[in-house]
Amino acid sequence: MITFVSVFTVIPEKQPDALRAIQKVYNEVAIHHPGFISAQLLPSDDGNRVTAIAHWESEEDLKAMRNTPEFTELHDRDFLPTIVGNDGHLYSHSVAIKRVL
């Protein structure tokens with residue numbers, strides 16, 4: 001399993017639009033693609049960012065989804081007008097820390 005974390009810098013007054021566009025990519029494309037496991041979207045309280053944390057079976061599955069016409073169409077039409085920048089990184093290892101009561 002891999003984790004892909006994208007921190008999108010957004011136009012503050014367009015953060016709700018950016019969040020909807022990112023949700024649309026996951027709900028209409030990623031969720032139907034082989035290898036997709038889950039995603040969590042985090043809009044920042046200051047309105048400047050939306051962070052997406054997505055889990056995939058493999059990097060190849062993620063790349064294949066990003067190369068589909070459906071992803072490209074939604075990305076270019078709905079997504080780009082609300083995003084100022086994107087800092088995305090792939091993680092293949094994690095360390096879990098849990099509070100023990």
Side-chain angles (χ1 to χ4, degrees):
M1 180 177 78
I2 58 117
T3 302
F4 189 71
V5 179
S6 292
V7 179
F8 301 100
T9 302
V10 301
I11 301 165
E13 59 272 9
K14 292 191 176 186
Q15 187 195 45
D17 297 331
L19 179 60
R20 277 191 295 278
I22 296 165
Q23 282 178 303
K24 195 171 189 178
V25 168
Y26 282 102
N27 286 327
E28 294 185 14
V29 181
I31 201 165
H32 303 291
H33 197 79
F36 176 74
I37 298 170
S38 66
Q40 182 177 15
L41 305 180
L42 306 165
S44 66
D45 291 347
D46 64 7
N48 292 316
R49 288 173 200 77
V50 175
T51 299
I53 303 167
H55 301 284
W56 289 82
E57 289 292 334
S58 70
E59 182 178 0
E60 292 75 24
D61 291 328
L62 170 63
K63 285 180 180 179
M65 185 278 301
R66 294 179 77 168
N67 286 325
T68 65
E70 297 85 5
F71 174 82
T72 303
E73 179 184 332
L74 283 176
H75 183 273
D76 292 352
R77 184 188 69 219
D78 298 337
F79 181 80
L80 286 180
T82 63
I83 304 298
V84 175
N86 177 18
D87 187 20
H89 298 276
L90 185 67
Y91 302 87
S92 58
H93 297 84
S94 67
V95 177
I97 299 171
K98 295 183 180 182
R99 180 178 177 191
V100 179
L101 301 177

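Using a 4.5 Å cut-off on side-chain heavy atoms (C-beta onward), Ile11 and Val84 make contact. Looking at Gln15 and Ser44, their side chains come closer than 4.5 Å, going by heavy atoms from C-beta outward.
Screening residues 46-73 for ring-ring contact (aromatic ring centres under 6.0 Å, His included), with sequence neighbours left out, gives Phe36-Trp56, Phe71-His75.
Under the 4.5 Å side-chain heavy-atom criterion for grouping Ile, Leu, Val, Met, Phe, Trp and Tyr, Ile31 is not connected to Met1 through any hydrophobic cluster. A continuous path of ILVMFWY side-chain contacts below 4.5 Å connects Leu90 to Met65, so both sit in one hydrophobic cluster. Residues Ile22 and Val7 do not share a hydrophobic cluster, defined by chaining ILVMFWY side chains whose heavy atoms lie under 4.5 Å apart. Criterion: ILVMFWY side-chain heavy atoms under 4.5 Å apart, direct or through other members. Under it, Leu19 and Val5 are not part of a common hydrophobic cluster. By the criterion of side-chain heavy atoms lying less than 4.5 angstrom apart, applied directly or through intervening Ile, Leu, Val, Met, Phe, Trp or Tyr residues, Ile83 is not grouped with Ile53; the two fall into different hydrophobic clusters.
Between Ile2 and Ser58, the shortest heavy-atom contact is CG1-C, 3.7 Å. Across Gly47 and Val10, no two heavy atoms sit closer than the pair O-CG2, 3.4 Å.
In this structure, OG1 in Thr68 is found 7.0 Å from NE2 in His33, a value given to the nearest 0.5 Å. Distance check: Asn67 CG to Leu62 CG gives 9.5 Å after rounding to the nearest 0.5 Å. Atoms CG and OG1, on Asp87 and Thr9 in that order, are 8.0 Å from each other to the nearest 0.5 Å. One distance of note links CG of Asp17 with NZ of Lys24; it measures 11.5 Å at 0.5 Å rounding. Separation of atoms CZ (Phe8) and CZ (Arg49) is listed at 13.0 Å; rounding is to 0.5 Å. To the nearest 0.5 Å, atoms CZ (Phe4) and CZ (Arg66) are separated by 4.5 Å.
For CG of Asp46, the number of neighbouring non-hydrogen atoms (other residues, nucleotides, ligands) closer than 6.0 Å is greater than 12.
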